[in-house]
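Down below is the structure, laid out as C-alpha cells.
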2 protein chains.
Amino acid sequence: MKIGELATRTGCRVVTIRYYEREGLLPEPARSEANYRLYGEVHAERLAFIRHCRALDMTLDEIRALLACHDDPEGTCHQADILIDEHLMHVKARIAQLQELEDALVVLRARCQGQRPAAECGILDALSRPPQEVPSSEDAEHVPGTHPRV
Amino acid sequence: MKIGELATRTGCRVVTIRYYEREGLLPEPARSEANYRLYGEVHAERLAFIRHCRALDMTLDEIRALLACHDDPEGTCHQADILIDEHLMHVKARIAQLQELEDALVVLRARCQGQRPAAECGILDALSRPPQEVPSSEDAEHVPGTHPRV
DNA sequence: ACACACCCTATAGTCTATATAGGGTCAAGC
DNA sequence: GCTTGACCCTATATAGACTATAGGGTGTGT
C-alpha cells in the first residue's frame, strides 16, 4: 500500500507519517520503482500503536520507549507499566493545575461585569497588581497546558 | 534598573525579557552609554502584568489583546471580558479532555500488573488494537495538552 | 592587571507537527 | 500522443514560547 492509503486507513496525515519515519518511530519501508514508499500490515499496526499513544497525549520519546518494549517480547513489560504510571501522574498533575487556573479565572472574571471604561475594569486592574498565586508546572512536566498545538 | 534586576524582581529570565521586547509586548527601554537596557517602574509593572497572564496560561496573542485594552483607557473593557470568558472556556474544555485521558489510562493500566513477558502484557496489547475512543481537542483549541514545555 | 559577574547581539535548538516550493509518476480522457 | 488531475518525492520554513550557545564588551573589586 502507498502512503496515501496508509494515511486514510490510520487517520494520520501523509506528512506526519513521513515525519515519524524521520524520527525513527516507523521503519523505512520498501520503495517502488518510482521511489514511492510501499507499506504492509506491519507498518499499519505500528502506526496505529503510535496514534493510540499520541491520543493518550504521550510524547514521541515515551512512545519510543513503549515501542522498544513491544519490539523485545522476551523482556518484561515492567518498563511499560512504569511509563504508563508516570504518564498518568503527569496527567493528573496537569488537571489539578488547570483546575487552579480555572478558579483564578473565575475570580478574575467576577471582578468586571462589562461596559465600563477600561480604566476602571477590575480585570485589567487585578492583572496589574503584584502577587497572585501562580500554580507551578513542576509535577505536570511534559503534559501540555491550556493551548495544545492541535 | 538593568535587565538582571528586573529579571530577579519579576521572577522572569533575562532572555525571556529580551524575547518579550522582540515580540513587541514590552516597549524598547532607554539605553546606558554601554548600550545596557535601563528599565523603570512602568516596565516592571507591564512585565508583571504579562507574567500574571502567562501564569493563567494565556497565549502571547491574548496578552497582546489585553495590553491593547490596558493601553486604551478611553475604550471599554468589553474586549477584555470576552477574552477572559473565551480563555476560561478553553481551560474548562482542556480539563474535560484530560479527564477522559485519565480514565483511559487508568483502564489501560489495570490491564497489567507487572512482571510478565512483554508478549503477554495487556498494556502493549491494548495499544496495538484498533479503535479506542480518542478525545478530540477541538474545543480546547489553544490550551496545551499533557506536556507543557515549562 | 586580572578575575568575575553582568551585559550585548545573533543564531540555532526544543517539540510535534503543518505548510510551501519545486519537481516526478501514473491512469484516464481527448 | 498529450494534457489533466491525483498522487508521490525531497527540502526547507513556520508555528509558540521560550532556552541555549557562541563570541564579544563592560564594570567592579582585589
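Residue numbering restarts at 1 for every chain, and letters A, B, ... go by the order of the sequence lines.
Per the geometry, CG belonging to B:D61 stands 15 Å off C1' belonging to D:dT14, to the nearest Å. Atom-to-atom, CZ of B:R13 to C1' of C:dC6 comes out at 16 Å; the value is rounded to the nearest Å. Atom-to-atom, CD1 of B:I3 to P of C:dC7 comes out at 7 Å; the value is rounded to the nearest Å. Atoms CG (A:L60) and P (C:dC15) sit 9 Å apart, rounded to a whole Å. To the nearest angstrom, P of C:dC8 lies 11 Å from CG of B:L6. Atom-to-atom, NZ of B:K2 to P of C:dC7 comes out at 6 Å; the value is rounded to the nearest Å. As a whole-Å value, the separation of B:M58 CE from D:dA17 C1' is 16 Å. Put simply, CG on A:L47 is 11 Å from P on C:dA17, counting in whole angstrom units.
Ion pairing between a basic and an acidic side chain is recognised when a charged N comes within 4.0 Å of a carboxylate O; A:R46 and A:D71 show such pairing.
With rounding to the nearest 0.5 angstrom, the CG atom of A:L56 is 5.0 Å from the CG atom of B:L105. Rounding to the nearest 0.5 Å places CG of B:L38 at 11.0 Å from CD of B:E5.
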Working for side chain to side chain contact (heavy atoms under 4.5 Å, CB included), residues B:L67 and B:I50: CA-CA 8 Å; B:L67 284 171; B:I50 294 169; 4.2 Å; yes
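Residues from residues 15-33 of chain A lying near DNA chain D, meaning a heavy-atom separation below 4.0 Å, are A:R18, A:R31 in numerical order. Interface residues of residues 34-45 of chain B facing DNA chain C, ordered by number: B:N35, B:Y36, B:R37; criterion, heavy-atom separation under 4.0 Å.
Judged by distance alone, the side chain of A:E62 and the main-chain N or O of A:T59 form a donor-acceptor pair under 3.5 Å. No donor-acceptor pair under 3.5 Å is formed between the side chain of B:H70 and the backbone N or O of B:L66. A donor-acceptor contact shorter than 3.5 Å is absent between the side chain of B:H87 and the backbone of B:I82.
The A:V14 side chain lies nearest to D:dC8 when the options are D:dG16, D:dC8, D:dA17.
Between A:H90 and A:D57 the shortest side-chain heavy-atom distance does not fall below 4.5 Å.
For the helix from C:dA1-D:dT30 to C:dC30-D:dG1, the end axes, each set by the C1' atoms of five terminal pairs, are bent relative to each other by 30° (nearest 10°).
Applying the side chain to side chain donor-acceptor pair (under 3.5 Å) test to every pair with at least one member in residues 16-25 of chain B, sequence neighbours left out, gives these pairs: B:Y20-B:R51, B:E21-B:R37.
Under the salt bridge (Lys or Arg N to Asp or Glu O under 4.0 Å) criterion, A:E28 pairs with no residue at all, not counting sequence neighbours. Residues satisfying the salt bridge (Lys or Arg N to Asp or Glu O under 4.0 Å) test with A:E45, not counting sequence neighbours, are none.
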